There are 2 protein chains.
Amino acid sequence: MSSKTVDKALSILDAFTVETPTWGLRELSRQIDMNHTIVHRILTTFEDKGYLYCNPETKKYELGIKFIELNNVVEEHLNISSIIQPIMKEIALKTGESVVLTILNEEEGVFVKIVESEQKVRFAESVGKRSSLYIGASHKVILAYLPLEIQHSIVDEGVAHSAKHIKSKETFLRHLERVREQGWCYSEGETFDDVAACSVPLFDNKYQILGSLSIAGPKYRLSQEQSEEKLPILQEHVKKLNAILGKVNFPSRRNFLTKKFI
Amino acid sequence: MSSKTVDKALSILDAFTVETPTWGLRELSRQIDMNHTIVHRILTTFEDKGYLYCNPETKKYELGIKFIELNNVVEEHLNISSIIQPIMKEIALKTGESVVLTILNEEEGVFVKIVESEQKVRFAESVGKRSSLYIGASHKVILAYLPLEIQHSIVDEGVAHSAKHIKSKETFLRHLERVREQGWCYSEGETFDDVAACSVPLFDNKYQILGSLSIAGPKYRLSQEQSEEKLPILQEHVKKLNAILGKVNFPSRRNFLTKKFI
DNA sequence: AATCAGTGGTTCGATTATAGAACCAAGGAG
DNA sequence: CTCCTTGGTTCTATAATCGAACCACTGATT
């Protein structure tokens with residue numbers, strides 16, 4: 001039993017993305033197929049509450065400062081800034097590459113925190129970016145620890161989207177099996193061209209997969225060999241991180257993980 | 001005309017703060033004085049939509065990963081990561097201190113972005129923190145450019161809260177006047193003990209005050225003299241920033257600025 | 001200048017989702 | 001076992017929402 005009005009309101013919020021960060025009233029109501037009166041009432045409510053900002057000149061709506069505040073609440077609660085970030089920073093200093101924290105959420109991976117290396121050429125910022133689990137070391141290493149049935153359905157998706165790095169379902173599933181066996185994953189140019197990454201898994205207190213930690217940098221500096229040299233640094237610090245993550249409990253919806261046991 | 005249901009839903013969201021990041025159902029409904037049925041329906045709606053996460057063990061609710069994503073939308077839209085951050089980084093490198101972007105919002109100031117210096121002792125992270133305009137250089141320099149009537153009411157508030165750095169309303173208003181004349185503000189130990197800051201104002205395309213940019217560091221390294229030496233660096237780069245901010249249009253509610261003209 | 005199509009915003013009665021008391025089942029504490 | 005609390009559900013009177021029709025305005029097009 002859930003509130004129809006709030007449900008609609010959140011669907012409206014969902015329309016504000018990196019690709020389409022601003023919306024006019026009529027434009028938005030067309031997009032989500034709602035009567036413009038409803039959209040108007042909800043938009044002004046969001047505006048009154050400081051969640052949306054309506055540009056008085058263009059009359060277009062956009063997400064407000066409120067979300068910077070709420071992001072802070074999440075980060076503080078997860079101890080990202082005070083505990084997790086320092087560990088990531090140390091890895092970044094020792095490896096000389098950017099460090100990425102990815103969290104499993106709703107059958108997708110979200111970049112939750114990126115600590116950049118001090119090098120001139122480095123992994124670009126994309127915090128908050130959400131994408132499918134079949135692409136990129138940071139995501140594939142998570143996929144490798146999911147139940148086989150989930151792996152199948154997600155790999156099927158990848159095949160359906162004809163992802164360039166998937167030759168066939170079978171070879172990709174075997175690839176995931178190897179990743180799980182060796183406990184890390186390397187990839188080149190999957191999520192971003194010219195970027196390579198090396199990732200290890202993160203687990204919660206029940207030893208269920210929670211996300212991954214990766215080092216990422218330009219291909220020419222992070223070949224498979226070079227990243228295998230840096231792997232021990234990553235693995236060593238991840239031990240510390242896993243000890244912390246066992247207690248923290250990320251707000252990461254992973255219902256599908258337990259579904260099969262019910 | 002605004003939606004009562006959505007309004008309630010957002011009031012519920014507002015209860016999730018850095019101080020109280022998790023809530024049980026009954027506990028929360030007591031806090032905000034709402035029937036627990038309503039709260040329950042709204043909470044599950046938020047949960048279904050990925051905005052809240054309900055810890056299955058403790059049955060307590062907390063903000064979800066969604067807010068990290070939405071924060072990213074705001075930052076991307078404001079060009080914070082790609083345009084503003086590099087400028088802040090340059091100031092941080094040249095001055096050796098942390099750089100803070102503060103935005104005026106609803107008669108308060110919000111720390112929107114902090115670029116940390118590379119020094120060991122540095123300004124702690126507090127992105128998203130919101131506070132009154134009468135305290136701290138970053139906030140006072142904003143206050144100094146607001147209409148006098150607003151200044152009066154906000155300073156009255158400060159006096160009412162018996163802020164330690166306000167001796168009397170009159171002297172504080174004269175202090176603000178000097179700040180506006182010289183175009184910058186220095187403070188020591190107001191927002192955080194042991195932290196000093198030096199701030200300059202930021203304006204939008206209509207030359208209305210939008211926020212401030214500050215360098216912040218430990219008192220012993222950032223005396224008034226030392227910060228006046230670094231001031232030219234700050235001012236030089238802020239010229240660039242103001243040229244950009246004139247076009248960007250921050251989602252910063254500042255209705256009270258124009259109210260008096262209507 | 002008149003028309004038209006678009007915009008954001010408002011009104012008001014019919015409709016429908018919501019409010020909230022009363023209700024479970026479960027889990028401590030005594 | 002009782003008492004109190006918890007999260008969660010049910011049901012109907014009631015109150016909020018829905019949405020067609022409406023303004024006022026802007027900017028092309030004729």
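Letters A, B, ... are given to chains in the order of the sequence lines, protein chains preceding strands, and every chain is numbered from 1. Please read these numbers as outputs of a predicted model, since none were measured by experiment.
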Separation between CG (A:Asn105) and CD1 (A:Ile142), nearest 0.5 Å, reads 10.0 Å
Detail all sub-3.5 Å separations between protein N/O atoms and N/O atoms belonging to nucleotides 24-26 of chain D.
none

Which residue pairs satisfy the salt bridge (Lys or Arg N to Asp or Glu O under 4.0 Å) criterion with at least one member in residues 14-23 of chain A, sequence neighbours excluded?
A:Asp14-B:Lys66
Taking the six-membered ring for Trp and the full ring for Phe, Tyr or His, determine whether the centres of A:Phe111 and A:His139 are under 6.0 Å apart.
yes
From CG of A:Leu25 across to C1' of C:dG6 the rounded distance in Å is 12 Å
How many whole angstroms separate atom CD of A:Glu27 from atom P of C:dG8?
8 Å
Not counting sequence neighbours, which residues clear ring pair (Phe, Tyr, Trp, His ring centres under 6.0 Å) with B:Tyr51? List them please.
B:Phe67
Measure the distance from CG on B:Asp7 to P on C:dA19 and round it to the nearest whole Å.
12 Å
Taking side-chain contact (heavy atoms from CB on, under 4.5 Å) as the definition, give me every residue that meets it alongside A:Ser153, ordered by chain and number, with sequence neighbours left out.
none
Residues 32-42 of chain A, side-chain donor-acceptor partners within the protein, below 3.5 Å, at least two apart:
unit_1, atom_1, unit_2, atom_2, d
A:Asn35, OD1, A:Thr37, N, 2.7
A:Asn35, OD1, A:Thr37, OG1, 2.8

Mind running a 4.0 Å heavy-atom check of residues 51-59 of chain B against DNA chain D and sending the residues that fall below it, in number order?
B:Lys59
Before we go on, tell me: are the rings of A:Tyr145 and A:Phe203 under 6.0 Å apart, centre to centre?
yes
Over how many whole Å does the gap from B:Lys60 atom NZ to D:dT6 atom P extend?
9 Å
Hey, does A:Lys59 have a side-chain heavy atom less than 4.5 Å from the side chain of A:Leu25?
no
What does nucleotides 23-30 of chain C look like as a protein-contact string, B for base, S for sugar-phosphate only, - for none, at under 4.0 angstrom between heavy atoms?
--------
Judged by atom type as modelled, is there a donor-acceptor pair below 3.5 Å linking the side chain of B:Thr20 to the main-chain atoms of B:Ala15?
yes
So how far is it from B:Thr17 OG1 to A:Asn72 CG, rounded to the nearest 0.5 Å?
10.5 Å
Find the distance between NE2 (B:His152) and CD (B:Glu157) and round it off to the nearest 0.5 Å.
14.5 Å
Closest non-hydrogen atom pair between A:Asn55 and A:Glu62, with its separation:
CB-OE2, 4.4 Å
May I have the list of side-chain donor-acceptor pairs in residues 1-11 of chain A shorter than 3.5 Å, sequence neighbours left out?
unit_1, atom_1, unit_2, atom_2, d
A:Ser3, OG, A:Val6, N, 3.3
A:Ser11, OG, A:Asp7, O, 3.0
A:Ser11, OG, B:Lys49, NZ, 2.9

Output yes when at least one side-chain N/O atom of A:Tyr61 is less than 4.0 Å from OP1 or OP2 of C:dG9, else no.
yes
Whole Å only: how far is the CG atom of A:Leu28 from the P atom of C:dG8?
10 Å
Tell me whether the OP1 or OP2 atom of C:dA17 has a side-chain N or O from A:Ser3 closer than 4.0 Å.
no
Pair B:Tyr53, B:Leu63 - check side-chain contact (heavy atoms from CB on, under 4.5 Å), show working.
CA-CA 6 Å; B:Tyr53 169 74; B:Leu63 298 179; over 6 Å; no
Would one find a side-chain N or O of A:Thr37 under 4.0 angstrom from OP1 or OP2 of C:dT11?
no
Keeping the roles fixed (side chain from A:Ser212, backbone from A:Ser138), state whether a donor-acceptor pair exists under 3.5 Å.
yes
Separation of atom CD in A:Glu47 from atom P in C:dG8, rounded to whole Å
13 Å
Heavy-atom donor-acceptor pair, B:Gln151 side chain to B:Leu146 backbone, under 3.5 Å:
yes
Between OH on residue B:Tyr134 and CD on residue B:Glu108, distance to nearest 0.5 Å
9.5 Å
Nearest whole angstrom, please: distance from the P of D:dT6 to the CD of B:Gln31.
14 Å
Angle separating the five-pair end axes of the helix from C:dA1-D:dT30 to C:dG30-D:dC1, nearest 10°, is 30°
Test side-chain contact (heavy atoms from CB on, under 4.5 Å) applied to A:His237 - qualifying residues, sequence neighbours left out
A:Ile87, A:Glu90, A:Ile91, A:Lys94, A:Ile233, A:Lys240
I need the CH2-C1' distance between B:Trp23 and D:dT6, as an integer number of Å.
16 Å
Near DNA chain C, which residues from residues 8-15 of chain B have a heavy atom under 4.0 Å away?
B:Lys8
With rounding to the nearest 0.5 Å, note down the distance linking CD1 in A:Ile65 to CG in A:Leu70.
12.0 Å
Ordered by number, residues from residues 38-46 of chain A within less than 4.0 Å of DNA chain D (heavy atoms) are A:Ile38, A:Arg41
